[in-house]
Amino acid sequence: MAGQGALEQASTNHIEIPVYGNVADQPRQQSQRPEDEEDETFDYSQRTQWLRAAVLGANDGLVSVASLMMGVGAVKQDVKAMLLAGFAGLVAGACSMAIGEFVSVYTQYDIEVSQMKRDETRTNGAATENAQEAKKKKLQLPNPAQAAMASAIAFSIGAVVPLLGAAFISEHKVRLAVVVVLATVALVVFGGVGARLGRTSMMKSCARVLVGGWMAMAITFGLTKLIGSGGLEM
């Protein structure tokens, strides 16, 4: 009986070590890095609010001011006129973007608060603690002041690009060409940054902003040139 008890104790404490004939038989280890797992599980839709404000703000600033300067350059060769028009567009556009974003985000916040109150009334306060906590956490996401500031700064960054390009060039035609080239490069950069942060197609994003920017500059230049050549005193 003593020998049998010792045998049972030995079998209980026995640890099996698997032996593999070759490397292919070994179980595959997790080769995925922690940052890769985070990329797969991260919800990129959470970035929509600030990404939209930043990328659209920079894109709007670039296209608006570049188009405005192209329009003025279509009828005026004076560099001062182009720069003054561009600077006025920068200030007016940044203020407009900030106010518009502030009102938009604050309105969204009010709508979500009202909807949450309606849901609580409909359920007679029977909502679970987890559901209420999730709704409160969702309400903390919109930040009107932050969105407004991001839009104004992004608009100003985009608007500065054509202004700096035109400031140091005296030749009229070269100045217009430089504005177009700088705007093209910046549009591609902004489109690429937006696609990278949102994990969307780089080619499609760059093509959209590039074609849109070219169209805005061409239409503004063409219409202003047409009006200016029609005998309108400038």
Side-chain angles (χ1 to χ4, degrees), residues 50-101 104 147-198 200-234:
W50 67 265
L51 180 62
R52 177 178 63 88
V55 174
L56 289 184
N59 186 73
D60 287 348
L62 174 64
V63 174
S64 299
V65 174
S67 300
L68 183 59
M69 295 176 66
M70 291 295 293
V72 174
V75 293
K76 285 283 188 180
Q77 296 188 9
D78 185 13
V79 63
K80 184 177 180 180
M82 287 184 65
L83 292 178
L84 284 176
F87 181 75
L90 185 156
V91 176
C95 294
S96 176
M97 288 289 294
I99 295 171
E101 196 68 27
S104 174
M149 187 65 67
S151 294
I153 293 175
F155 187 96
S156 301
I157 291 174
V160 163
V161 174
L163 279 172
L164 290 178
F168 304 102
I169 301 175
S170 57
E171 180 63 31
H172 176 247
K173 291 183 178 179
V174 176
R175 191 188 316 129
L176 292 178
V178 168
V179 169
V180 173
V181 171
L182 287 178
T184 299
V185 174
L187 284 170
V188 172
V189 171
F190 293 155
V193 170
R196 174 65 179 170
L197 293 176
T200 58
S201 172
M202 186 81 68
M203 188 69 68
K204 290 181 179 179
S205 178
C206 292
R208 278 195 300 265
V209 296
L210 190 58
V211 172
W214 282 346
M215 288 179 61
M217 289 187 287
I219 292 172
T220 306
F221 181 88
L223 289 179
T224 310
K225 187 76 172 177
L226 179 64
I227 294 174
S229 63
L232 182 64
E233 292 287 339
M234 299 296 290

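Scope of the values below: all heavy atoms of this structure, side chains included, with no hydrogens, waters or symmetry mates. Bear in mind that the values here come from a model prediction, so they are computed numbers and not experimental data.
- The CD atom of Gln77 lies 8.0 Å from the CZ atom of Arg175; values are rounded to the nearest 0.5 Å.
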With a cut-off of 3.5 Å and sequence neighbours excluded, list every side-chain donor-acceptor pair involving residues 176-186.
unit_1, atom_1, unit_2, atom_2, d
Thr184, OG1, Val180, O, 2.8
Thr184, OG1, Trp214, NE1, 3.0

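- When all heavy atoms are compared, the tightest approach of Ala81 to Lys76 is CB-CB, 4.4 Å.
- Between Ser67 atom OG and Leu62 atom CG the span is 8.5 Å, to the nearest 0.5 Å.
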Go through Val75 and Ile227 one step at a time and tell me if the side chain to side chain contact (heavy atoms under 4.5 Å, CB included) criterion holds. CA-CA 9 Å; Val75 293; Ile227 294 174; over 6 Å; no
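- Across every non-hydrogen atom of Ser156 and Ala94, the tightest pair is OG-CB, 3.7 Å.
- Distance alone, capped at 3.5 Å, places no donor-acceptor pair between the Ser151 side chain and the Ala98 backbone.
- The CD1 atom of Ile169 sits 9.5 Å away from atom CE of Met82, with the distance rounded to the nearest 0.5 Å.
- No donor-acceptor distance shorter than 3.5 angstrom exists from the side chain of Ser96 to the backbone of Ala92, with no hydrogens or angles considered.
- Once rounded to the nearest 0.5 Å, the distance linking CG of Asp78 with OG of Ser170 reads 11.5 Å.
- Atom CZ in Phe155 sits 10.5 Å away from atom CG in Asn59 (nearest 0.5 Å).
- Considering all non-hydrogen atoms of both residues, Val65 and Leu90 come closest at CG2-N, 3.9 Å.
- In terms of heavy-atom proximity, Ala166 sits nearest to Val79 at O-CG2, 3.6 Å.
- When the side chain to side chain contact (heavy atoms under 4.5 Å, CB included) test is applied to Val211, the partners found at least two apart in sequence or on another chain are Met215.
- Side-chain contact between Phe190 and Val209: absent, with no pair of heavy atoms (C-beta onward) separated by less than 4.5 Å.
- Considering only residues two or more places apart in sequence or on other chains, Ser201 meets the side chain to side chain contact (heavy atoms under 4.5 Å, CB included) condition with Met203, Lys204.
- With Thr224 contributing its side chain and Thr220 its backbone, the two residues share a donor-acceptor pair below 3.5 Å.
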